[in-house]
Structures are given as structure tokens and as C-alpha cells.
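One structure is given below, encoded as C-alpha cells.
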Amino acid sequence: MTHKILLTGGAGYIGAHTFVALQAAGFSPFIFDNFSNADKDTPERIASITGQTAPWVKGDLLDKTAIERVFADNDFDAVIHFAAKKSVADSVHRPLDYFENNCVGLINLLEVIEKYSVKTFVFSSSATVYGTPQRLPIPETATLSFANPYGFTKLVGEQMLAQISLAQPELTVGILRYFNPVGAHASGLLLQAPRGNAAPPENLMPRMLEVARGQNPYLTVYGDDYDTPDGTGLRDYIHITDLARGHVLSLQNLLQSGEGHTVNLGTGNGYSVLEMIECFKKVSQKDLTYRIVPRRAGDIASCYADVSLAFALLGFKAEFGLLEMCASSWNAAQM
Ligand code: WQD
């Protein structure tokens, strides 16, 4: 019997890659997405990769009747919750949008999940719940805080789930803390930056792609005065297909054990902005002009994962390195 899995935000960058990995692992994934940050043809792109249809429904988590309808029409064994606004900079400017979309949306979803007795839930969290880390690499037991409204909504989501799990012990919750997802499926069909009208993500990789494709004259490097080897920000970049595989392993563990977990999904390695630029220049054979400007509000100096629990509990270890991450992003950007 194949497990039917609802992917809220399943047409997005991480959702679509996870959809492909889930189907390859024998699950039956289903997309619920408002397509505010996803290309409309993503289900067709997924289908051309997998050779199977990618079932989907357009809907918004702020429309509770839409959530009810999709649960009334389908018998889900689990939910993986990706649907959330995720821009740090945008959240600083529009915190209320993030509180409504990410927190109220989660509450609406959890109320419907309770009504339809779905017992397994995976929450897309983020390393931003560590705020400014006290030690590196960062273990899951590190002190939690937030440095911006986006990180606040992720921390609130985790805390709500902890309280709900106490009240509903039959609900098994997996919390996955992503570090910096980059790269693309080898087909080049699933992108980090949607082609549509969504605001382009302000993340490093999409910005480097814009320069390499001549859409911007130079890359803005936010600060070179951090306490890092070359002064620029250090992050744990993880290939999106590794991240997607981490979701499959998490879901399999939750379904088999009935025990919840909170796990970092990273590589355990930190790379600086200048290292990323050099790697991307090598891969793209493009000269990546950049300008150093002051630090960006909400940024921290260094962030990379302690990945020992992911390996011990899930057998997860990232397989792709920086070259493959940059090469797959560059490949997809040229499709
Ligand atoms: C990486 C580094 C920037 C753009 C955020 C969220 C995280 C996740 C990923 C959702 C930093 C520098 C960036 C640019 C730059 N979000 N940079 N010039 O902020 O580490 O993480 O996105 O899944 O939860 O917190 O990612 O790619 O924006 O920045 O110099 O044009 O690149 O200062 O050091 P970030 P990022």
C-alpha cells in the first residue's frame, strides 16, 4: 500500500524536489499550493521528470475551506508542510504578512489535520531558529532564538508543534531544520527562482545566476567585516536533491517508528560568500563582478550544522559538494 502524502507548498523549490524524491521512494505525493512562489507549470515539469502525473490542487492555507476540501477528497497518511513565506529581508519589512501566512496558515492546517486524524506531520523549519549561534557546528540542542520575523515564525511553529504533540501523543512530528538549500535537479526543470511574477528570491545563488546571465551588472556582497576567514558570511550550503532525500528518510523513520524527531539537514561544512563566488566562476566560466557593501540587516556571520544526529537517526549524509551545487544551478538556469 503506498502512503499518500500531502505536500503543502509542494510546487515550490524544495517541495517539488521532495515530490520527485518521494515518488521515486514509492510514496504517492499530492501538491496543495497557492502558486504565489512557484511556476504554474511545475506539476507538468515534475511529471516530465518522473513519467507519472503529479496530482495538485491550487489552494491557500488562509482559506480553511480549501484545506478541508482537499482532506475530504483524499485520504492522506502524512503531511509535509512547506508552504510559508521565506524571505528574511521581506519579513523585516512586512512582519504581519509573515505572522499571518506562516503562523495562522499553520494553525488552519493543524486544525484540519486533527479533524481528519492524520497522524504524521513533517515541518519545514530552518537554521534561523538558532539565531546567532553560540557555538559551531550547531547541534539541535543549541539555544533557540530568532534574528528576524521569518525566523520568529519558524520558532513559533516549532513551539506550537511541541505543545500539540504533548496534547496529542498520537501525532508524530518531524521537524527538519534546513541550512542553505541550493542547486537543482539534474534535469534542470526545477528552479530556485520561479520564472513567474513572484518576487525573485534575494538569496545568494539566484543573485549570482542573475549576474552570470547578464541580468545584473554585478553581485552585491553584504559585508566583508565578519569574524570569518575572509570576512564574508559563512553558510552551510546543501544540494537540494540531498535535502529532498533527507525528507524521504525523515518520513520513513516517522512512519516506521511513530517517534518524532528534530533534525538538522546540512552538510556540516561552511563556505563563505567569496568561496561561493570562486566556485561559481569556475563552473560557469563567467566573470562574476561583485561589490562589497555594508552588512544586510538580519544576517549573521557563520552558520553550519552539526550533522551527527541526522546520520545516527536517519542514516542521512549529504552526498553533493559545492561544485555539484553550483554546476546544477548553472545548468538549470540555462535551460
Ligand atoms: C547567504 C549569504 C548573505 C545575497 C536564508 C534564510 C534561510 C533559508 C535560506 C529559506 C549571506 C550573502 C546573499 C546577496 C550576499 N531560507 N549574500 N549577497 O540569509 O543565509 O538564509 O535563506 O529556506 O532560512 O535565513 O541565505 O542566500 O540570502 O545569504 O552577499 O545578494 O550570502 O549576506 O552571508 P541566508 P542567503
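Worth saying up front: this structure is predicted, and the values here are computed from it rather than measured. We use all heavy atoms of the structure for the numbers below, so side chains are in, but hydrogens, waters and symmetry mates are not. We count ligands from 1, going down the list as the structure has it; atoms in each ligand are counted the same way.
- Close to ligand 1: Tyr237, with a non-hydrogen atom less than 4.0 angstrom away.
- With no hydrogens or angles considered, no side-chain donor-acceptor pair links Thr228 and Ser302 at under 3.5 Å.
- When heavy-atom distances to ligand 1 are checked against a 4.0 Å cut-off, Tyr150 comes that close only through its side chain, counted from C-beta outward.
- Checked by atom type, the side-chain pair Asp236/Thr267 shows a donor-acceptor distance below 3.5 Å.
- Looking at Met205 next to ligand 1, no N or O pair under 3.5 Å apart turns up.
- Residues in residues 143-154 take part in these side chain to side chain donor-acceptor pair (under 3.5 Å) pairs, two or more places apart or across chains: Asn102-Thr153.
- Proximity of Thr232 to ligand 1, defined as any heavy-atom pair under 4.0 Å, is not found for any part of the residue.
- For Phe32 and His81, the ring centers are positioned 6.0 Å apart or more.
- Residue pairs that meet the ring-ring contact (aromatic ring centres under 6.0 Å, His included) test with at least one member in residues 304-335, sequence neighbours left out, are His239-Phe320, Phe280-Trp330.
- For a threshold of 3.5 Å applied to N or O pairs, the pair formed by Thr220 and ligand 1 contains at least one separation below that value.
- Paired with Tyr222 under the rule side chain to side chain contact (heavy atoms under 4.5 Å, CB included), one option of Val273, Val293, Leu204, Thr232 passes, and it is Val293.
- At a 4.0 Å heavy-atom cut-off, ligand 1 touches Thr128 through the side chain alone.
- The parts of Asn203 lying near ligand 1 are both backbone and side chain, judged by heavy-atom distances below 4.0 Å.
- The single protein non-hydrogen atom nearest to atom 17 (N) of ligand 1 is Tyr222 CD1, 3.8 Å, given as residue, atom name and distance.
- Ligand-side atoms of ligand 1 in range of Glu202: 4 (C), 28 (O), range being under 4.0 angstrom from any heavy atom.
- Closest approach of Ala25 to Gln252, counting heavy atoms only: CB-NE2, 4.3 Å.
- Taking every heavy atom of both residues into account, Glu140 and Arg177 meet most closely at O-NH1, 3.2 Å.
- In terms of polar-atom proximity, Arg207 is not counted as a contact of ligand 1, lacking any N or O under 3.5 Å from an N or O of the ligand.
- For atom 28 (O) of ligand 1, the nearest non-hydrogen atom of the protein is Arg296 NH2, 2.8 Å.
- Scanning all heavy atoms of the two residues, the minimum distance from Asn264 to Asp306 falls at ND2-O, 3.2 Å.
- Note: Trp56 and Phe35 meet the aromatic proximity criterion, with ring centroids under 6.0 Å apart.
- Short contacts between ligand 1 and Ser126, defined as distances under 4.0 Å to a heavy atom of the residue, involve ligand atoms 7 (C), 24 (O).
- Less than 4.0 angstrom separates some heavy atom of Val88 from each of these atoms of ligand 1: 6 (C), 25 (O).
- Against a heavy-atom cut-off of under 4.0 Å, Val221 is close to the following atoms of ligand 1: 30 (O).
- Closest to atom 35 (P) of ligand 1 among all protein heavy atoms lies Asn180 ND2, 3.5 Å.
- Nearest to atom 34 (O) of ligand 1 among the protein's heavy atoms is Gly233 CA, 3.5 Å.
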